[in-house]
2 protein chains.
Amino acid sequence: MKMSAGVEWALHCCTVLSTATAPVPAHRLAELHGVSRTYLAKHLQALSKAGLIHAVEGRDGGYELSRPAAEVTVYDVVRAVDGPEAAFRCTEIRQQGPLPATGEACKVPCGIAKVMATAERAWRDSLRGVTIGDLAATVDTNLPGTWDSVRHWLGAGTASEPVR
Amino acid sequence: MKMSAGVEWALHCCTVLSTATAPVPAHRLAELHGVSRTYLAKHLQALSKAGLIHAVEGRDGGYELSRPAAEVTVYDVVRAVDGPEAAFRCTEIRQQGPLPATGEACKVPCGIAKVMATAERAWRDSLRGVTIGDLAATVDTNLPGTWDSVRHWLGAGTASEPVR
DNA sequence: GGATAGTTACTCGGATACCATGTGTCCGAGTCGTAACGG
DNA sequence: CCGTTACGACTCGGACACATGGTATCCGAGTAACTATCC
């Protein structure tokens with residue numbers, strides 16, 4: 001069981017967007033994080049479809065958060081990128097084989113499925129307890145001035161162009 | 001993010017083994033659950049490597065639980081089949097790009113990685129709170145007599161042979 | 001000088017290849033139960 | 001009748017193909033800003 005690497009990228013991007021003062025193009029976010037531009041674009045589209053971010057079209061356009069960072073949870077991002085379906089999928093094998101469970105026994109969900117569902121709910125609840133705003137604040141606590149540098153870099157031209 | 005279907009099979013098999021009175025061959029477990037014999041064998045090998053079950057070799061051999069069912073947690077099985085590594089893997093992209101995090105900032109783990117690790121810990125703790133014995137008891141509560149039927153079927157010959 | 005039309009460059013969005021991991025399968029090594037055999 | 005021995009069938013274990021989904025990429029549609037022109 002492994003999670004898409006795009007989740008990490010998306011979370012970093014959302015955190016950056018929460019402190020940006022203007023729309024940020026996808027290729028700029030990729031450059032800032034040192035990842036593939038085209039593949040990151042795919043994940044940003046997922047975030048866009050989920051309504052977490054929205055695109056400003058045309059020249060000088062880019063992405064920006066649709067809601068305040070404090071109202072976007074980490075789980076929202078994970079769900080948007082990684083998909084809404086649960087990791088564990090009960091295939092109801094109790095109904096197969098020579099001793100299948102009868103119809104009435106299947107009215108209650110399989111005990112195994114219930115345990116897995118409970119665990120995943122705990123996982124989701126934990127992720128729902130943290131927002132993009134919290135993440136940004138943590139970074140600022142660990143290394144004050146980080147967002148100033150990021151905003152400065154975003155405001156400047158390309159990376160090859162020296163920052164004065 | 002999806003979990004291997006073998007996890008579900010393995011949990012069902014462990015529950016059956018917890019009520020069996022003699023070693024159960026892999027092909028018999030596959031037949032009982034209506035799943036691929038050879039593929040199930042692969043997952044049973046994983047359980048065996050993890051020490052959760054052990055093989056009785058030779059004729060009339062098979063698998064049996066190594067520990068009492070009450071001492072085997074659901075997480076033990078999930079970990080054995082699905083692997084011990086976490087779903088989220090931090091690739092430290094904060095150290096990449098034109099504004100990499102400096103050495104001292106990296107002494108503390110990335111905030112995103114911490115959030116994901118906390119969530120996964122909650123997930124694991126939830127799975128650790130349920131044992132194979134609990135699962136077996138749940139089945140017996142929902143449909144009393146199930147394990148008697150299973151034991152009877154296991155004691156009898158092949159499925160094609162009618163049970164008297 | 002101001003409004004307007006054309007141009008340009010930039011943005012996102014979906015459709016398209018590649019590869020790693022899960023899925024499914026196979027055959028060989030080892031072991032126990034059984035039966036035949038000899039004492 | 002009992003011990004020994006050889007056999008046979010059954011078990012697991014690891015090594016081998018296939019398929020699905022994540023990974024990575026490309027090009028086309030659309031829009032806003034800029035510029036030059038005209039009134």
Side-chain angles (χ1 to χ4, degrees), chain A residues 1-10 13 17 20 22-31 33-64 66 78 80-85 87-89 91 93 154 157-158, chain B residues 1-10 13 17 22-31 33-64 66 78 80-83 85 87-89 91 93 154 157-158:
Chain A
M1 184 176 61
K2 65 168 190 170
M3 182 177 294
S4 169
V7 170
E8 184 185 7
W9 300 5
C13 286
L17 288 180
V24 184
H27 78 88
R28 216 76 218 293
L29 286 170
E31 193 178 357
H33 293 111
V35 300
S36 162
R37 308 172 187 198
T38 52
Y39 190 32
L40 178 63
K42 185 187 184 73
H43 294 305
L44 293 176
Q45 286 170 30
L47 293 177
S48 177
K49 277 187 179 176
L52 301 180
I53 64 179
H54 64 95
V56 176
E57 296 191 326
R59 182 171 160 174
D60 293 354
Y63 286 106
E64 49 190 21
S66 298
V78 171
V81 174
D82 209 56
E85 55 279 344
F88 180 86
R89 300 144 296 167
T91 59
I93 65 177
L154 286 175
T158 62
Chain B
M1 183 175 61
K2 65 168 190 171
M3 182 176 295
S4 167
V7 169
E8 184 184 7
W9 300 5
C13 287
L17 289 179
V24 184
H27 78 88
R28 215 76 218 294
L29 287 170
E31 194 177 358
H33 293 111
V35 299
S36 161
R37 309 172 185 198
T38 52
Y39 191 33
L40 176 63
K42 186 186 185 73
H43 294 304
L44 292 175
Q45 286 170 28
L47 293 178
S48 177
K49 277 189 179 175
L52 300 181
I53 65 178
H54 65 93
V56 176
E57 297 191 327
R59 182 174 159 174
D60 292 354
Y63 287 106
E64 50 191 20
S66 298
V78 171
V81 174
D82 209 57
E85 56 279 344
F88 180 86
R89 299 143 297 165
T91 59
I93 66 177
L154 287 175
T158 62

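Throughout, a chain's letter reflects where its sequence line sits, starting with A, and its residues are numbered from 1.
- Between R89(B) and H27(B), the residue anchored closer to the 5' end of DNA chain D is H27(B), taking for each the nucleotide with the nearest heavy atom.
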| task | Evaluate the side chain to side chain contact (heavy atoms under 4.5 Å, CB included) criterion for residues R28(A) and Y63(A): first the C-alpha distance (whole Å), next the side-chain angles of each, then the deciding distance (0.1 Å), finally the verdict. | result | CA-CA 10 Å; R28(A) 216 76 218 293; Y63(A) 286 106; over 6 Å; no
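- Atom CE of M3(A) is separated from atom P of dG22(D) by 12 Å (rounded to the nearest Å).
- Taken from NZ in K42(B) to CG in L47(B), the straight-line distance is 13.0 Å, to the nearest 0.5 Å.
- Between A50(A) and A80(A), the closest heavy-atom pair is CB-CB, 3.6 Å.
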Under 3.5 Å, N/O pairs linking protein and nucleotides 24-33 of chain C:
unit_1  : atom_1 : unit_2 : atom_2 : d
dT25(C) : OP2    : S36(B) : OG     : 2.7

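- Side-chain nitrogen and oxygen atoms of Q45(B) include none within less than 4.0 Å of the OP1 or OP2 phosphate oxygen of dC12(D).
- Atom-to-atom, CG of L44(B) to P of dT11(D) comes out at 13 Å; the value is rounded to the nearest Å.
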Could you pull out the protein-nucleic contacts involving nucleotides 5-7 of chain D (nitrogen or oxygen on both sides, under 3.5 Å)?
none

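- Distance, Y63(A) OH to dC10(C) C1': 14 Å, rounded to whole Å.
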| Steps toward side chain to side chain contact (heavy atoms under 4.5 Å, CB included) verdict (H43(A), S4(A)) | CA-CA 10 Å; H43(A) 294 305; S4(A) 169; 3.9 Å; yes
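- Contact detail for P25(A) and G61(A): the closest heavy-atom pair is CG-O, 3.7 Å.
- For dT23(C), the OP1/OP2 oxygens have a side-chain nitrogen or oxygen of S4(B) closer than 4.0 Å.
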| message | Checking H54(B) against E64(B) for the side chain to side chain contact (heavy atoms under 4.5 Å, CB included) test, could you report, in this order, the C-alpha distance in whole Å, the side-chain angles of both residues, the deciding distance, and whether it holds? | response | CA-CA 6 Å; H54(B) 65 93; E64(B) 50 191 20; 3.2 Å; yes
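- Here the CH2-CG distance, from W9(A) to L44(A), works out to 10.0 Å after rounding to the nearest 0.5 Å.
- Here dA20(C) presents its C1' atom at 12 Å from NZ of K2(B), a figure rounded to the nearest Å.
- For the pair H43(B) NE2 and dT23(C) C1', the interatomic distance rounds to 8 Å; values are reported in whole Å.
- In this structure, the NE2 atom of H54(A) is 17 Å from the P atom of dT11(C), given to the nearest Å.
- Between the CE atom of M1(A) and the CE atom of M3(B) there is a distance of 4.0 Å, given to the nearest 0.5 Å.
- Here the nucleotide nearest the side chain of A26(B), chosen from dC12(D), dC12(C), dG13(D), is dC12(D).
- Remark: C13(A) SG to I93(B) CD1 distance equals 7.0 Å, nearest 0.5 Å.
- What separates CE of M1(A) from C1' of dT23(C) is a distance of 18 Å, to the nearest Å.
- For the pair E8(A) CD and dG22(D) C1', the interatomic distance rounds to 15 Å; values are reported in whole Å.
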